[in-house]
Amino acid sequence: MRTTRTATMAAAFAVAAALSLTACGSGDSGSDDGSAVDKPATVEKQKKGGVVLDQPFEKPDLTLTDTHGKSYDMVEKTKGHPTLLYFGYTNCPDICPLTMSNIAVAKAKLSKEERKKLRVVFVTSDPKRDTPKELGKWLRGQDPSFTGLTGDFATIRAGARSVGVSLEPSYKKKNGDIVSTHGAQLLAFSPKDDKAHVLYTEGNATPEILEKELPKIIKGETP
């Protein structure tokens with residue numbers, strides 16, 4: 001029987017910093033200035049599942065624009081619902097599409113009632129390129145029920161930092177590639193108190209682990 005590792009807040013931030021900071025590049029045109037690393041951190045697969053936080057994160061107070069161009073208050077719209085929150089961007093070549101695909105695969109294995117309760121929110125770390133239209137098109141390829149949000153980068157960054165996720169402005173390399181650095185943590189919020197009690201990193205947000213643990217998260221339990 002698997003036991004889930006419990007971490008203090010300091011340990012959670014260490015996990016986030018050491019394992020989840022990912023730099024992604026694409027050949028898209030555009031120009032931003034900022035500093036970020038050029039290569040993603042290597043991550044050894046973790047097989048124990050989500051990290052249970054001793055001190056859960058409050059849900060970020062974010063009001064952004066959804067894929068229909070409407071205002072979306074995350075706290076209000078997801079209140080009382082089990083919620084998965086991820087920060088990334090549509091031009092990410094690897095980690096973002098893989099993580100969202102893993103969630104979609106695991107979600108498809110849930111019961112109809114569980115799927116109805118679950119909310120999955122993807123907040124862009126590259127709002128200059130990720131318009132509501134682009135976000136909507138990209139997320140429909142993952143799961144049409146996923147919510148995509150975009151807006152002002154400073155607002156998004158502040159919201160991400162409030163839950164321990166690091167974001168850096170994207171920038172253009174000399175070869176034309178666009179690099180965007182973002183934390184790869186997936187946060188799971190409980191429907192009981194709307195706080196994130198469980199954190200997944202790039203190495204343990206697999207379909208198998210999510211399929212096993214999401215039913216408990218949906219009930220407001222920790223895996």
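Please read all numbers here as calculations on a predicted model, not as lab measurements.
Every residue two or more places apart in sequence or in another chain that forms a ring-ring contact (aromatic ring centres under 6.0 Å, His included) with F122 is listed here: W138. Scanning for side chain to side chain donor-acceptor pair (under 3.5 Å) contacts around D73 gives an empty result, with sequence neighbours left out. Take D143 and apply the side chain to side chain donor-acceptor pair (under 3.5 Å) test, not counting sequence neighbours, and it matches K107, S145. In this structure, the salt bridge (charged side-chain N to carboxylate O under 4.0 Å, His left out) partners of K109, at least two apart in sequence or on a different chain, are E211.
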- Item | Worked verdict on E114 versus S111 for side-chain hydrogen bond (donor to acceptor under 3.5 Å, both in side chains) | CA-CA 5 Å; E114 288 171 332; S111 69; 3.3 Å; yes
- Message: What verdict does the side-chain contact (heavy atoms from CB on, under 4.5 Å) test give for K128 and Y89, after you've listed the backbone C-alpha separation in whole Å, the side-chain angles of each residue and the deciding distance to 0.1 Å?
- Response: CA-CA 10 Å; K128 286 189 176 181; Y89 71 117; over 6 Å; no
- Yes or no on side-chain contact (heavy atoms from CB on, under 4.5 Å) for I218 and E113, after CA distance, side-chain angles and deciding distance? CA-CA 10 Å; I218 290 170; E113 189 62 29; over 6 Å; no
- Message: Determine whether T63 and S71 satisfy the following criterion, side-chain contact (heavy atoms from CB on, under 4.5 Å), listing intermediate values before the conclusion.
- Response: CA-CA 7 Å; T63 299; S71 178; 3.3 Å; yes
- Message: Does V123 form a side-chain contact (heavy atoms from CB on, under 4.5 Å) with L64? I'd like the steps, not just the answer.
- Response: CA-CA 9 Å; V123 181; L64 298 168; 3.8 Å; yes
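Looking only at distances, a side-chain donor or acceptor of N102 sits under 3.5 Å from a matching main-chain atom of A205. Without hydrogens or angle criteria, H81 side chain to K117 main chain gives a donor-acceptor distance under 3.5 Å. The backbone N or O of I95 sits nowhere less than 3.5 Å from a side-chain atom of E202 that would complete a donor-acceptor pair.
Applying the salt bridge (charged side-chain N to carboxylate O under 4.0 Å, His left out) test to pairs two or more places apart or on separate chains, none has a residue in residues 75-86. The salt bridge (charged side-chain N to carboxylate O under 4.0 Å, His left out) pairs that include a residue from residues 187-201 are E58-K195, K59-D194, where partners are two or more places apart or lie in different chains.
No continuous path of hydrophobic side-chain contacts links L98 to L187 [ILVMFWY only; heavy atoms under 4.5 Å]. Transitive grouping of hydrophobic side chains (ILVMFWY, heavy atoms separated by less than 4.5 Å) brings I103 and L110 into a common cluster.
Here the closest heavy-atom approach between residue C92 and residue P97 is recorded as O-CD, 3.5 Å. For V198 against G50, the heavy-atom pair with the smallest separation is CG1-CA, 3.8 Å. The shortest heavy-atom contact between P56 and D54 is CD-O, 3.5 Å. Shown here for A104 and Q142, the closest heavy-atom pair between the two residues is CB-O, 3.5 Å. In terms of heavy atoms, G69 sits closest to P132 at N-CB, 4.3 Å. Closest non-hydrogen pair, P191 versus G220, comes out as CD-CA, 3.7 Å.
Between L186 atom CG and L199 atom CG the span is 8.0 Å, to the nearest 0.5 Å. Atom OG1 of T124 sits about 9.5 Å away from atom CG of L139, to the nearest 0.5 Å. From L85, atom CG reaches atom CD of Q185 across 10.0 Å, with rounding to the nearest 0.5 Å. Note: L53 CG to T222 OG1 = 10.5 Å, rounded to the nearest 0.5 Å. Here the CG-CD1 distance, from L210 to I217, works out to 7.5 Å after rounding to the nearest 0.5 Å. Rounded to the nearest 0.5 Å, atoms CD (E134) and CG (D126) are 11.0 Å apart.
Side chains of T67 and R140 form no contact here, defined as non-hydrogen atoms less than 4.5 Å apart. Contact annotation: the side chain of P223 never approaches that of K212 to less than 4.5 Å [non-hydrogen atoms, C-beta and beyond]. Here the side chains of T99 and Y200 are not in contact, with every heavy-atom distance at 4.5 Å or above. With a 4.5 Å cut-off on side-chain heavy atoms, T78 and Y72 count as touching. Side-chain atoms of F87 and R157, non-hydrogen and from C-beta on, never get closer than 4.5 Å to each other. Under the 4.5 Å side-chain criterion, counting only non-hydrogen atoms from C-beta, P60 is in contact with F189.
T90 and D130 are linked by a side-chain donor-acceptor pair at a separation below 3.5 angstrom, with hydrogens and angles left out of the test.
Among the candidates D66, L62, T83, L84, the single residue satisfying the side-chain contact (heavy atoms from CB on, under 4.5 Å) test with V121 is T83.
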